[in-house]
There are 2 protein chains.
Amino acid sequence: MARRRVTIRDVAADAGVSVTTVSNVLNDVPGSRLTPQTQGRVRESAARLGYAPSVLAQSMRTRRSGMIGLIGDQVATTPFGGKMILGAQDVAKAHASLLLVVTSGFQREIEDAEVDQLMRRQVDGILHVSMFHREAGIPKRLVAEPIVLVNAFSTDDSVTWVVPDEVTGGRDAAQILLAAGHRRLGFINNEDDIPASRGRLEGFAQRAAGSGLAAADIAVTSADASSDGGYRAARALLGRPKPPTGLFCFNDRMAMGAYRAAAELGLRIPQDVSVVGFDDQEYVSEALHPRLTTIALPHYEMGAWGAERLFERIEALEGTGPAPVHLRLRCPVIHRDSVAPPADDA
Amino acid sequence: MARRRVTIRDVAADAGVSVTTVSNVLNDVPGSRLTPQTQGRVRESAARLGYAPSVLAQSMRTRRSGMIGLIGDQVATTPFGGKMILGAQDVAKAHASLLLVVTSGFQREIEDAEVDQLMRRQVDGILHVSMFHREAGIPKRLVAEPIVLVNAFSTDDSVTWVVPDEVTGGRDAAQILLAAGHRRLGFINNEDDIPASRGRLEGFAQRAAGSGLAAADIAVTSADASSDGGYRAARALLGRPKPPTGLFCFNDRMAMGAYRAAAELGLRIPQDVSVVGFDDQEYVSEALHPRLTTIALPHYEMGAWGAERLFERIEALEGTGPAPVHLRLRCPVIHRDSVAPPADDA
DNA sequence: ATGAAAGCGCTAACAC
DNA sequence: GTGTTAGCGCTTTCAT
């Protein structure tokens, strides 16, 4: 991008005014009273010359780069990561900012180096986004800088973060099944002990217990969070003497396995078993047949909310910004075709 | 990120030398002969003070921002887009550069505005990446700037681009089936007339015809490129009197539908029908049962290759860069479990 | 109502 | 071997 740029000087010369004036009219600076004629002349020159201010030079003076850094563990590669990026990007755009995206790949060393890069480029703030809901420490150099955690939380209360509300999600899943009339529920959880599995279980168990169901009618198992894991667990669960008629799966992929298990057992969905997934994963929940009823993760919203909070802190420049906020964002229920009332003889 | 930065001046003062010396040491400038002692002192001061040069200031002087712009139609959101970004990012990193990612959402107006943003920020070059293989015009303001098209081609020969080699992919798909011994082939194509559907068909037809099969034994249909579309087409195809034993689907999602059709028809995969997909879409090709044999799209590689070419052009600064190159990148075959020899009585 | 000039942090001629 | 200095393109006091 070498070609000689048009600078503010060129415009000034062309309009026969000083650079100050050009700057003042183009940024319509509050205190300055320019005659309409001058303004007109300047704008006309700028337009005719195709002048576009150098953001670099501006940043240098104003000490605001108009960029926010987005550092993710792997975020760019994952289908969900993209949504968070998009949310952040849209908000950044509204604040005349751009996103500088870097990836750390979970390694602290790389993360530090990337953070370094971002700082050297004077980003105005940092969005630290995680691929999956987890706890995250923030690099020591970043405390005191504007930063917000997206899809991750911190035990350090001074940092702002947003995560999905897994508990309510689990509760909603149970509720969908209960509302359809199911009296024997099953939950196939992820065997990894992570916030998502813990939260979804908590919500599910809470709601199920609160429904007056006998403990024997609430089955919880866990398996590898994959299609195969879901298949095996569902196979076992649905093969029991009095199998659940309403099945909640930790995620859509496990639900995919459950579909296969049901088919092999001669069980139709939703006539014989109802299934609820989680994640609303593109190309799977829609592609399954029947289309999967599921709970969506609010990725776009988390990205957008995080960016919004970040700009708040940035724009409270120098001053003491707003107090840190922690948000558990509601996971929307997506009703599709995999839930129906249980068969009468169930 | 307001906090007073350590500048080169601070280091110079601390080390008792001039800023030039600091600059020379830290960038180990070729022509300059510094005593080891000076070097040591400077480095020590820099380290102790935690000095990190301002990339902004550097860019201003050197007229290189160390950033490349990545503009995508929707790229950040899609699972494949992430891979391209990652490829580009890795290469950028190797060139001490960062990616400025913007999204145009297919609207020319927005694209122009975003490009504008990028230019104003003095990106060193632009990667124009498409969500799916297509033809793309490049914004008029960008001719003459370093730019390369990723996953898109241009009829304008002066621009460098890279796309997947769909034809060879289609040929490979046919080859997999043929090699397994199938003598009745079917291809469920995407009904949209796009480079991917055209190319895959061309390759498939070519190879199939070259195998000596009777035209009657080569069935080609097309449908909506979704799970449902695949289902319907497969249902029709496999329901024929002498159905194909080897089925190639335009993409993995259609293959997903074909699995369902086969199941309903009482056909086992791969014993009764072999299936080959395309795209190697995460979470679907692996999650299907049996795991889907497919042709992968080289997204990461396209991103990386494109970035590499871009840096070539950028680094051939001012001089006449290398001639534009056009590449059709081979799509790797992923052998999994959905292909087997046809049953003897087939 | 407009302009001169300082300076943001750095690099690169050019002196010494 | 090392230092002085002039910008890169812009914003912002402070004069006038």
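Order of the sequence lines sets the chain letters (A, B, ...), proteins ahead of strands, with each chain counted from 1.
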request  = Begin with the C-alpha distance, continue with both residues' side-chain angles, and end with the deciding distance and a verdict on side chain to side chain donor-acceptor pair (under 3.5 Å) for B:D156 and B:S158.
outcome  = CA-CA 6 Å; B:D156 175 352; B:S158 68; 2.8 Å; yes

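Between B:I8 atom CD1 and D:dT4 atom P the separation is 14 Å, expressed in whole Å. Taking atom CE of A:M60 as the reference point, atom P of D:dT11 lies 13 Å away to the nearest angstrom. In this structure, B:L56 atom CG and C:dT11 atom P are separated by 12 Å, rounded to whole Å. Atom C1' of nucleotide C:dG9 and atom CD of A:Q122 are separated by 9 Å, given to the nearest angstrom. For the pair B:D10 CG and C:dC10 C1', the interatomic distance rounds to 13 Å; values are reported in whole Å. Taking atom CZ of residue B:R9 and atom C1' of nucleotide C:dC10, one finds them 10 Å apart after rounding to whole Å. The nearest whole Å value for the distance from the CZ atom in B:R120 to the P atom in D:dC10 is 10 Å.
Both B:V17 and B:A57 lie close to DNA chain D; mapped to their nearest nucleotides by heavy-atom distance, the more 5′-ward contact belongs to B:V17.
Rounded to the nearest 0.5 angstrom, A:N24 CG and A:Q39 CD are separated by 9.5 Å.
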Please enumerate all protein N or O atoms sitting under 3.5 Å from an N or O of nucleotides 14-16 of chain D, with distances to 0.1 Å.
none

Taking only nitrogen or oxygen atoms into account, show me every contact under 3.5 Å that the protein makes with nucleotides 12-16 of chain C, one pair per line with its distance.
| unit_1 | atom_1 | unit_2 | atom_2 | d |
| --- | --- | --- | --- | --- |
| C:dA12 | N6 | B:T20 | OG1 | 3.1 |

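Other residues, nucleotides and ligands place no more than 12 heavy atoms under 6.0 Å from the CZ atom of B:R328.
Under the side chain to side chain donor-acceptor pair (under 3.5 Å) criterion, B:H326 pairs with no residue, sequence neighbours left out. Checked against side chain to side chain donor-acceptor pair (under 3.5 Å), A:E282 has no partners two or more places apart in sequence or in another chain. In this structure, the side chain to side chain donor-acceptor pair (under 3.5 Å) partners of A:T21, at least two apart in sequence or on a different chain, are A:S18. Partners of A:Y300 according to the ring pair (Phe, Tyr, Trp, His ring centres under 6.0 Å) rule, which considers only residues two or more places apart in sequence or in another chain, do not exist here. Here A:R41 pairs with A:V17, A:T38 under the side chain to side chain contact (heavy atoms under 4.5 Å, CB included) rule; sequence neighbours left out. Taking the salt bridge (charged side-chain N to carboxylate O under 4.0 Å, His left out) definition, one finds that A:R48 meets it with A:D14, A:E44, sequence neighbours left out. Judged as a side chain to side chain donor-acceptor pair (under 3.5 Å), and not counting sequence neighbours, A:Q107 has no contacts.
A close approach under 4.0 Å does not occur between any side-chain nitrogen or oxygen of A:T21 and OP1 or OP2 of C:dT2. Phosphate proximity of D:dG3 to B:S18: present, with a side-chain N or O under 4.0 Å from OP1 or OP2. The shortest distance between the side-chain N/O atoms of B:R63 and the OP1/OP2 oxygens of C:dT11 is not below 4.0 Å. A sub-4.0 Å separation between OP1 or OP2 of D:dC10 and a side-chain N or O of A:Q58 is absent.
Taking a 4.0 Å limit (strictly below) on heavy-atom distances, residues 34-49 of chain A reaches DNA chain C at A:L34, A:T35, A:T38.
Taking the six-membered ring for Trp and thresholds of 30 and 60 degrees, A:F153 and A:H133 have ring planes more than 60 degrees apart, a perpendicular arrangement.
Two end axes, each from the C1' atoms of five base pairs, can be drawn for the helix from C:dA1-D:dT16 to C:dC16-D:dG1; they diverge by 50°, to 10 degrees.
The pair B:R330-B:E301 does not meet the salt-bridge criterion, since no charged nitrogen lies less than 4.0 angstrom from a carboxylate oxygen.
Every pair passing side chain to side chain donor-acceptor pair (under 3.5 Å) that includes a residue from residues 50-61 of chain B is listed here, sequence neighbours excluded: A:Q122-B:S54.
At distances below 3.5 Å, not a single donor-acceptor pair connects side-chain atoms of B:D73 with backbone N or O atoms of B:S130.
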